[in-house]
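Atoms considered below: every heavy atom in the structure, side chains included; atoms not considered: hydrogens, waters and symmetry mates. Note that ligands are numbered from 1 as they come in the structure, with each ligand's atoms numbered from 1 the same way.
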Amino acid sequence: MKKLTCVVLGYGNRGERYSEYATVQSDELEVVGVIDPNPVRKDAAKSQFSLSEDMLFNNLEEFFNKDVQCDFVINSTMDELHYETTMALLDKGYNILLEKPVTSNAKELLDIKNKAEEKGLKVVVCHVLRYTPFYSSIKNIIDSGKIGKVVSLQLNEHVWYGHFVNAYVRGKWNNEDACGSGLLLAKCCHDTDLICWLNNITEPVAVSSFGSKAFFTEENAPKGSAKRCHECTVENCMFNAKKFEIEKDFCPMYTWGKIQKPLEDITYEEKVEFLKTSSYGECVFKTDMNIVDRQCVSVNFKNGSIATLNMIGGTSAAGRHIHVICEFGEIVGYVEQNKVIVRIFDKENIGVNEETVDFSAKVDLTKEDNSMGGHYGGDYYIMRDLVRFLNGEPTSSSTTVISDSISGHMVVYCAEKARKTSTVVFVDEFEKEVIA
Ligand SMILES: NC(=O)c1ccc[n+]([C@@H]2O[C@H](COP(=O)([O-])OP(=O)(O)OC[C@H]3O[C@@H](n4cnc5c(N)ncnc54)[C@H](O)[C@@H]3O)[C@@H](O)[C@H]2O)c1
C-alpha cells in the first residue's frame, strides 16, 4: 500500500485529531502542509509534523499559489467555511476528507456532490460514528440479512450538560446565523446519517419534526441574575462561569480556544479576564443562543420502514442509544457501552435467542496503541479506511463518497423545514424546490 500525503486546512480540534494518524501510522500517512490563519495552530502543526516554513499557509490562496501535490486535503474548518473552501479545493483537483456537516443547505450540498462527480474527485464526509466498531457491526448484521429488513430505527441522543453548555449554549455552535448550523445539523447529522446509511436499501420520503428552545431561556434565569456571571450575586447556580468553566473545565479546547495561546500556557488570571468579555462568561439563560435544546424527528421510508430520533441537550450523561427492529430480530445498545444485544426469533422453538456482542477490545486498541480512540474508535477507523480507500484497496461498508451522505443531510434540512413550518416535508418535493 502506498504511503499517502495530506495537507490540513484548519488545524483546530478536529484537524489535529485526524492528522494524528500520520503520527501513529507513519508508514501510511504523512502531513506535508497546513493552512490556518492562527499562528498558534500553525506552530503546533509545524512542530508536530516537522514542517518547513514554506509549507505553512495562512489561507487557501497562498496554498494554491504554491501548487502543492498531495493525495488529499483534510478540510476541518468550521461549518460556515466548508462550502467555499471545498468548492475551491475541488476546482483545483484535490480529493477531500470533509468535516460534517457538509454545509448548511441543500443547494450547496448538491453543488459539492455535482462538482466532485464532474471532476472525478473523492469527497469523503467525516461521519465518524459509521466507522465505530459499534455502528459498523450493527450495519454488518443488518446487511447480512439474518434478521431481515429494517422495520423501525429508534435513536436517542442525550447531550451531556458539560458538552451542551460549552458547545451549544455558550459555545461556537450556539447561533445558527453565525455558524450556519442549527443543533440538528451540528450535532445530529451523524444520527440522521446513521438512520439513512443503516437502511440504505431504501430511501427517506417524508419527514416531520418538533422542537424548541425551552430551557435555556431568559424566563428560566434565576431571579435577580445578571447577564454576566462575574457581576451576578445569585448563589449556588450550577452554571456559574468561574466554577463551571475554570474549576470544572469540561471542554478546554472549546472554552479557551479563542485565547491565542497553547492551552497549557493560559493562566488562571487570563481565564478570569476572558470570562468577563466572552460568551463563556455569560448567564446560560441570557446568551444569544438561537437554536433548540430539544428536538424529535420522524422519518418515513419508501419501503414502509420508519425511524425516530430524539435529541435532548443538557442531560446528566451523554447517551447515544439505538434500537433497530427488523423482521426477524432486534439490535439494541448504547454506543458508550460499546456492546449490543442481538435478539433473533427462534422459529423452531417459537422463542427468542439473545446474544451480547462486546466491542470494547477493538475500541481499547485505538486508545492504548495510538490514543486515537475519540468517537468510540471512529476517529481512528475513519483514517484507516480512508487511506485504504484512496489506495484503491477494499474498505469497510462505512466508507462512501459524498453521494451516500446526501440522504442523511436532506433529512436534517427537511426536518428543520418541518419544525419551523409545522408541516410534513416530502423529500422529493423539497429537492425539486432546491434544484428549481
Ligand atoms: N466529526 C465530528 O464528530 C465532529 C466533532 C466536532 C466538530 N466537528 C466539526 O469539525 C469542524 C471543525 O471544528 P473544530 O472544533 O475543530 O473547530 P476549531 O475552531 O477548533 O478549528 C477550526 C480551525 O480552522 C482555522 N481557520 C479559521 N479560518 C480559516 C480559514 N479561512 N482557512 C483555514 N483555516 C481556518 C481556525 O484557526 C481553527 O484552527 C466543524 O465543522 C465542526 O462542526 C465534527
Inset, instruction - Could you pull out all residues at least two apart from Thr85 that satisfy side chain to side chain donor-acceptor pair (under 3.5 Å)? - result: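 Checked Thr85 against side chain to side chain donor-acceptor pair (under 3.5 Å); matches are Asn75.
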Legend entry - salt bridge (Lys or Arg N to Asp or Glu O under 4.0 Å) against Asp54, all qualifying residues, sequence neighbours excluded: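 Asp54 satisfies salt bridge (Lys or Arg N to Asp or Glu O under 4.0 Å) with Lys66 once adjacent residues are dropped.
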Inset, instruction - Only counting residues at least two apart or in another chain, list the ones meeting salt bridge (Lys or Arg N to Asp or Glu O under 4.0 Å) with Lys243. - result: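 Testing Lys243 for salt bridge (Lys or Arg N to Asp or Glu O under 4.0 Å), a comparison that skips the adjacent residues, returns none.
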Inset, instruction - Assess the side chains of Asn105 and Tyr83: does a donor N or O sit below 3.5 Å from an acceptor N or O? - result: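 There is no such pair between these side chains.
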Inset, instruction - Could you tell me how the ring of Tyr21 sits relative to the ring of Tyr380: parallel (under 30°), tilted (30 to 60°) or perpendicular (over 60°)? - result: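 Aromatic pair Tyr21/Tyr380 classed tilted.
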Legend entry - Euclidean distance, His409 NE2 relative to Leu110 CG, rounded to 0.5 Å: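 Leu110 atom CG to His409 atom NE2 measures 11.0 Å (nearest 0.5 Å).
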Inset, instruction - Mind jotting down which protein residues get a heavy-atom contact under 4.0 Å with ligand 1? Chain and number order, please. - result: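 For ligand 1, the residues that come within the 4.0 Å heavy-atom cutoff are Leu9, Gly10, Tyr11, Gly12, Asn13, Arg14, Tyr18, Ile35, Asp36, Pro37, Asn38, Arg41, Ser76, Thr77, Met78, Asp79, Leu81, His82, Glu99, Lys100, Pro101, Cys126, Val128, Lys172, Trp173, His190, His375.
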